[in-house]
Amino acid sequence: MKEKNIQPEEEIDDEVPCCLSQRWKTAYVGFFGFICVYAVRVNLSVAIVCMVKSQNLTTGGTEENGTIIYQGPCRAEAESSSVYEHAEFDWSKTTQSTILASFFYGYIVTQIPAGWLADRFGGRRVFGIGMLIASICTLVFPVCARISVNLVYALRVLLGLSTAVSFPAVQSLWGRWAPPLERSKLVSFTYLGTMFGMVGTFSTSGLLCQYGFDNGWGSIFYITGGLTLLWVCAWFYITADTPDQHPRITEAERKYITSSIEYNTNIRTLKTPWKSIAMSSAVWACLTAHVCNNWTNYTLLTSLPTFMKEVLKFNIKNNGALSAVPYICQAVSGFLAGQTADILRSKRVLNTTHTRKLYQVSSFLGAGALLVAVGYSTCEKRDVAVVLLSLAVMFTGLCRAGYVVNHIDFAPRYAGVLYGITNTVATVPGMVAPIVAGALTPNKSQMEWRYVFFVCAGFDLFGAIVFGLFASGTIQDWARDEVEIEVKIPKEVEVNSDKKMEMVQAENEKTLVSVEPEVTYSTVVKRHVDLDPSDEIVKMVQF
């Protein structure tokens, strides 16, 4: 067994390609893939605003000539909200919340199976097939919505089932493709697509509602579904499950990746250490951070357009564009977090554990504090509210260098199934948060929305405490390679006592063994490799 040293970036062979390498091409196509993932996920959050007929408000609004005029303190400054003329459905607020939440009833089911399948058979086909199904669900949504609301529920559940495979599959893929000191960069860049997906969908959906075909809102689903279908074809052509399986990778890049990854990427993961995973504090820290982050994320993801309309009184054309502004900020912070985190690690300013804690705790505390401030914002100062929301969502982008990549740090071989586990539990907020937001805001008032943001801040504080105490960036014992070594000892051995310590060479590795004459030792040892470049690699394994 030959140990693999993790070399700083400056020591990487100049022949290894970077920006046009296959690992970065995988990141590029993965980036566009997550644009599609979030386009088909969040398109309904904006579309539902112009699909549903406006109902009478209990906060002092009256309707004149198709326009709602607000009699409260916002009347002088706020724009009137136009009643969308092509709205077709009489869904109640409860029905709308349930439709948005039904996505997560499917999303929670396939997380762990997707991670297990990706770790065993490869993330490429798992992600690709899932997105193929998602594109079909999106394309048929307008037709099904006009037939029955029950079909809408069914399609949203199926969409959740199919898109749930995305994160576990890609985590598993990067566990086999990403060199340790490039993980933050590659993973954070890939997941930047989520923010651009939200930005693009939020900013264009409002315009499509007004000017698109098929009553406006229908065009949202046809365009996002069609683009996703085209992406699936590109994904299967460009990517491969491992570097050794890629037909167009250079030999220099293949050797660079396979020599730096902490385990043999060509061996399928057949056995998962479930008990060790359940007892790992690092896993529990990631799970807690994932749940707390998702509560805030899903609350804003599903309810931000509604908040913009009900409290800040933006009309549908401005609503979509302004709902996208916070996610532009998140995209910027997520990109910078990935780049700077790997710089801190490669320059040995911070080790992996401290880097992950710094970014994730900062993400939680910053977002929580700003959301509390948003709760006190009124429509008279709605520009300030947009700025505070943008800064809050910007802080959530720092998680791209926190818990999001942390699974690959401490267990790269099991990154897919680990992300499946944490994301399964973290899907519960997606099921509950929209319903809680709807239940807390029956009268659509600013005071009621304040409590929605207070709940988010509470989750952020709890996540910061747990992750700050228990997170780890060091590869765990149960996640190391198992290698069987058999050592045969010659009969003639000089023995000064009952036992003698002797150095033997086994598979080009120096191994310290306790030997006796005429004895064959066979054991399973775990390769000790730490992701932190500042830590020494233990080359002597005692058994």
Side-chain angles (χ1 to χ4, degrees), residues 4 6 23 26-27 30 33-34 110-127 130 164-191 239-243 257-258 260-274 276-278 280 282-287 289-290 338 341-342 352-353 356 360 399-426 471-482 527 529-531:
K4 297 179 180 179
I6 300 173
R23 65 188 183 279
T26 299
F34 277 97
T110 49
Q111 294 282 335
I112 297 177
W116 182 83
L117 288 171
D119 284 342
R120 185 165 186 177
F121 300 109
R124 172 176 171 264
R125 69 189 74 177
V126 175
F127 189 24
V165 308
S166 56
F167 285 100
V170 172
Q171 287 285 107
S172 178
L173 194 73
W174 282 128
R176 290 154 174 76
W177 271 92
L181 290 180
E182 294 184 30
R183 280 176 181 158
S184 299
K185 297 175 185 176
L186 291 167
V187 174
S188 64
F189 181 84
T190 303
Y191 292 155
T239 62
D241 286 318
T242 67
I257 296 174
T258 55
S260 61
I261 299 292
E262 299 88 351
Y263 68 98
N264 189 339
T265 60
N266 293 314
I267 299 177
R268 291 181 177 180
T269 302
L270 300 178
K271 182 181 178 182
T272 303
W274 298 107
S276 297
I277 289 174
S280 172
V283 173
W284 281 99
C286 266
L287 187 149
H290 205 155
D342 278 348
T352 304
T353 299
R356 302 301 177 222
Q360 190 58 57
C399 74
R400 301 303 177 187
Y403 83 88
V404 173
V405 70
N406 195 214
H407 306 74
I408 305 176
D409 290 330
F410 63 78
R413 176 183 286 278
Y414 306 106
V417 71
L418 284 175
Y419 203 95
I421 292 170
T422 62
N423 209 21
T424 295
V425 182
S472 174
T474 303
I475 191 166
Q476 304 295 290
D477 290 337
W478 45 268
R480 295 175 181 141
D481 262 355
E482 291 187 350
R527 180 172 8 191
V529 180
D530 198 330
L531 293 186

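This structure is a prediction, so every number in the text was calculated from the model and none was measured.
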(message) I'd like to know if the side chain of Gln111 reaches the main chain of Asn423, judged simply by a donor and an acceptor atom lying under 3.5 Å from each other, with no hydrogens or angles considered.
(response) no
(message) Nearest 0.5 Å, please: how far is CZ in Arg124 from CG in Leu173?
(response) 10.0 Å
(request) Indicate the atoms forming the closest heavy-atom contact of Ala415 with Ile408, along with that distance. (result) CB-CG1, 3.9 Å
(message) Check the orientation of Phe121 and Trp116. Use parallel for under 30°, tilted for 30 to 60°, and perpendicular for over 60°.
(response) perpendicular
(message) Looking at every non-hydrogen atom in both residues, tell me the closest pair between Val405 and Arg356 and how far apart they are.
(response) CG1-CZ, 3.2 Å
(request) Enter the distance from His290:NE2 to Tyr403:OH here, rounded to the nearest 0.5 Å. (result) 4.0 Å
(request) Quick one: closest heavy-atom pair of Val165 and Gly130, and the distance? (result) CG2-CA, 3.9 Å
(message) Keeping Trp284 on the side-chain end and Ala278 on the backbone end, is there a donor-acceptor pair under 3.5 Å?
(response) yes
(request) Taking Ser280 for its side chain and Ser276 for its backbone only, find out whether a donor-acceptor pair lies under 3.5 Å. (result) no
(message) Side chains of Ser172 and Arg176: any donor to acceptor distance under 3.5 Å?
(response) yes
(request) Under the ring pair (Phe, Tyr, Trp, His ring centres under 6.0 Å) rule, collect the residues that match up with Tyr191, sequence neighbours excluded. (result) Phe34, Phe167
(message) I'd like to know if the side chain of Asp409 and the backbone of Thr474 have a donor-acceptor N/O pair within less than 3.5 Å.
(response) no
(message) Would you compute the distance between atom OG1 of Thr26 and atom CH2 of Trp174 and round it to the nearest 0.5 angstrom?
(response) 5.0 Å
(message) Using side-chain heavy atoms (C-beta onward) and a distance below 4.5 Å, is Ser188 in contact with Val404?
(response) no
(request) Provide the closest heavy-atom pair for Cys286 versus Asn406 in the form atom of the first, atom of the second, distance. (result) SG-OD1, 3.3 Å
(message) How long is the straight-line distance from CG of Leu186 back to CZ of Arg23, given to the nearest 0.5 Å?
(response) 7.0 Å
(request) Ignoring hydrogens and angles, tell me if any N or O in the side chain of Thr353 forms a donor-acceptor pair with the backbone of Gly473 under 3.5 Å. (result) yes
(request) Using side-chain contact (heavy atoms from CB on, under 4.5 Å) as the criterion, list what pairs up with Ala169, not counting sequence neighbours. (result) Ala118, Val126, Phe127
(message) Looking at every heavy atom in both Gly402 and Gln360, which two are closest together, and how far apart are they?
(response) CA-OE1, 3.7 Å
(message) Consider side-chain contact (heavy atoms from CB on, under 4.5 Å). Of Leu418, Val417, Val187, Val283, which one does His407 pass it with?
(response) Leu418
(request) Could you grab the distance from atom CD1 of Ile112 to atom CG of Leu117, nearest 0.5 Å is fine? (result) 12.0 Å
(request) May I ask you to decide if the ring planes of Trp478 and Tyr414 are parallel, tilted or perpendicular, using 30° and 60° as cut-offs? (result) tilted
(request) Identify the heavy atoms of Ala401 and Gly338 that sit nearest to each other, and give their distance. (result) CB-N, 4.4 Å
